[in-house]
Q: 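Dropping a structure here in structure tokens format, bear with me for questions.
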Amino acid sequence: MGHIRELDQNTINQIAAGEVVERPSSVVKELMENAIDAGATMISVELEEGGLKSIRITDNGKGIEKEDVRIAFLRHTTSKIKTAVDLLSVSSLGFRGEALSSIAAVCQVELLTRTEANMEGIRYRIEGGKEIGYEEIGIPVGTTFIANNIFFNTPARRKFLRTAQTEAGYVSDIVEKIALSHPEIAISFKSNGRVRIHTSGNGSLKDVIYSIYGKDITDHLIPLNEQNDFMKINGYIGKAIISKGNRTYENYFINGRYIKSNIISKAIEDGYKFILMQHKYPFTVLNFEINPEYLDVNVHPSKMELRFRKSEKIYPIISECINDALIEKPNIIDVALEQSTEKEVLRKYVPEPFEIKRQQTMEEVEEPKNIHSEERVREETVYYGTNKTVFVNDVAKQNEEKENSGDYATFLSNLAKPKHKIIGQVFGTYWIVEYNDKMYIIDQHAAHEKVMFESLMEKLKNKEVTTQMINPPMILSLSMTEADLMEKYLENFREIGFEIEAFGGQDFAVRGIPGDLYTLDSQDVLMEIVDNLSNETGKMTPDILTDKIASMSCKAAVKGNSRMSFAEADELITKLLSLENPYNCPHGRPTIISMSKYELEKKFKRII
């Protein structure tokens with residue numbers, strides 16, 4: 001082990017800064033929260049090159065007293081607490097000045113601030129934790145904080161930052177969250193001189209949602225207001241129609257602060273479980289007012305994580321109130337049933353003796369030595385008050401239930417096609433086809449998806465994609481992150497038949513869609529593609545992206561519970577059998593299963 005030495009103060013400051021300042025969005029979050037704590041009713045955020053070059057945040061809050069300016073940049077300084085006991089009752093978003101030392105340690109900082117009691121303000125400059133300027137200056141009441149060249153003195157850390165566009169997206173996410181949690185504050189955000197976000201500060205949460213997410217989202221909101229002796233919940237939740245393929249639309253705040261909590265996320269998603277498909281996530285903007293004594297808000301240095309002291313109470317309350325808000329309650333009279341023991345209920349409604357059957361592997365029970373456990377199934381019949389166990393060796397018959405890959409090949413061959421007997425459709429989804437001594441069940445949606453995917457990929461390969469123009473064009477209102485993704489992959493969208501162009505701000509006009517998808521909800525197709533792209537963290541090559549878009553488009557092209565005519569089903573089967581691999585959809589689900597005549601006769605006890 002080497003010699004242990006004490007680190008110099010500059011190194012200590014940079015290590016501490018790493019706990020708070022991870023990227024430009026960290027700086028923006030800390031400074032915006034400070035502005036809110038200072039009573040600001042207006043906050044503007046301006047970036048150059050995603051914040052890598054410059055971050056400028058201006059507020060009209062109380063400002064910092066002259067004598068406190070230098071102190072604010074020292075480590076562990078705050079105006080909110082005096083002793084450790086005060087940590088239990090902190091209700092502000094941050095401690096004014098607690099992050100300034102960390103930001104100043106890795107940026108070139110300029111602070112302009114003035115309080116209402118002073119005629120002049122202060123201009124203070126500090127770089128890498130070292131003061132380089134302090135002077136009085138005439139400025140309005142409030143604070144302007146400028147952070148230039150983040151990590152200028154720690155180039156190794158700067159290498160871990162993403163592109164300017166990506167970093168600007170992270171900042172946009174933070175600004176959106178703070179705007180949603182404080183509709184009473186007018187917030188503006190510019191990136192390279194372009195206005196990205198602007199809220200009026202009129203106190204209307206719905207107006208903020210409209211300004212960030214657009215009309216399509218705002219038209220499908222459900223208000224939520226719940227209060228009990230433990231907490232208050234208010235805000236909006238979205239209908240299932242505006243669900244997303246990721247959690248970017250899950251917004252929730254604790255006492256005005258954007259927080260991440262596995263408990264709250266799980267409770268929200270549990271409330272939606274009965275109406276959302278798997279891997280779909282809801283839209284929510286919810287504020288929770290909880291007594292601070294039940295929270296530990298500073299678990300993580302970035303203050304983005306939170307622990308509850310009574311989590312067992314919070315989960316069911318959130319889940320149930322969301323579930324109740326989503327359910328349209330019919331006018332049904334509640335009937336109270338008499339409470340009875342399980343045995344009494346069984347005796348009342350089930351004739352004696354009643355029978356329950358279950359199967360277990362032979363590994364769970366002892367059996368005669370001359371019986372091979374791996375070839376046995378125990379069938380246990382339980383009578384009321386007695387047990388009777390029967391061992392059955394049915395392995396040979398089970399093997400005759402097994403399918404041979406050649407059966408599928410025969411069924412889908414051109415020679416077999418004229419002998420297909422289409423029986424009909426069940427559940428609006430499955431087609432039953434009889435051939436020889438087997439019944440084939442085709443999932444029309446999985447089959448259609450497979451046919452569409454192969455057709456589109458073939459057209460992409462041969463540059464034969466067609467575009468169907470639409471008039472008037474469809475307007476997409478996107479978030480900043482979604483808009484950046486759309487711009488980044490615009491050429492790839494054109495390759496598969498979409499005609500899209502910028503329409504001002506973060507809106508895009510869709511003037512043409514792939515001909516194969518003309519009859520479908522193209523907006524859903526596009527948004528699902530964008531959602532899927534936002535989940536990607538690695539580098540996407542054009543070929544991989546094109547395959548992904550084609551797959552997503554085909555997935556969206558398949559509609560459930562739709563009726564097909566016999567002629568349409570016959571045409572689909574014909575197209576399916578022409579494929580090299582017709583047995584699975586692009587996502588791995590089977591397109592066809594079969595059941596033999598023997599299996600059916602066994603089920604009906606025609607064969608013992």
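Keep in mind it's a predicted model, so treat the numbers as computed, not measured. FYI, the numbering just counts along the sequence from 1.
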Q: Check the side chains of S243 and Y249 for a donor-acceptor pair under 3.5 angstrom, ignoring hydrogens and angles.
A: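 No donor-acceptor contact under 3.5 Å links the two side chains.
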Q: In this structure, are over 12 heavy atoms from other groups packed under 6.0 Å from K244 atom NZ?
A: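 Yes, NZ of K244 has more than 12 neighbouring heavy atoms, counting only those of other groups under 6.0 Å.
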Q: If you measure from the Lys or Arg side-chain nitrogens to the Asp or Glu carboxylate oxygens, is any gap between R196 and D484 under 4.0 Å?
A: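 A salt bridge links R196 with D484.
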Q: What is the minimum heavy-atom distance between A35 and I43, and which atoms define it?
A: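 So the two residues come closest at CB-CD1, 3.8 Å.
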Q: Evaluate whether atom CG of N225 has more than 12 neighbouring non-hydrogen atoms of other residues, nucleotides or ligands under 6.0 angstrom away.
A: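 For N225, atom CG is crowded (more than 12 foreign heavy atoms under 6.0 Å).
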Q: First locate atom NZ of K215, then atom CG of D507, and finally report the distance between them rounded to the nearest 0.5 Å.
A: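 One gets 13.0 Å once the value is rounded to the nearest 0.5 Å.
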Q: Does Y170 have R162 sitting over its ring (NZ/CZ under 6.0 Å from centre, angle to axis within 45°)?
A: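 Because its charged atom misses either the 6.0 Å distance or the 45° angle limit, R162 does not stack over Y170.
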Q: Are T248 and N246 linked by a side-chain donor-acceptor pair shorter than 3.5 Å?
A: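 Yes.
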Q: Are any of the side-chain nitrogens in E135 or R123 under 4.0 Å away from the carboxylate oxygens of its partner?
A: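 Answer for the salt bridge query: yes.
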Q: Rounded to the nearest 0.5 Å, how far does CZ of F508 lie from CD1 of I475?
A: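 Here the rounded value is 11.0 Å.
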Q: Going by atom types alone, do S181 and N287 pair a side-chain donor with an acceptor below 3.5 Å?
A: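 No, N287 and S181 have no side-chain donor paired with an acceptor closer than 3.5 Å.
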Q: Looking at R158, K53, R23, which hits salt bridge (charged side-chain N to carboxylate O under 4.0 Å, His left out) with E167?
A: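 Of all the options given, the one that passes is R23.
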Q: Among N148, N153, N149, find the residue that satisfies the side chain to side chain donor-acceptor pair (under 3.5 Å) test when tested with Q108.
A: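 That would be N149.
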Q: Establish, yes or no, whether a centroid distance under 6.0 Å links the rings of F151 and F160.
A: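 No, too far apart.
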Q: Would K273 and E269 pass as an ion pair if we require N to O under 4.0 Å?
A: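 No.
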Q: Take atom CD1 in I241; do more than 12 heavy atoms of anything else shown fall under 6.0 Å from it?
A: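 Result for CD1/I241: open.
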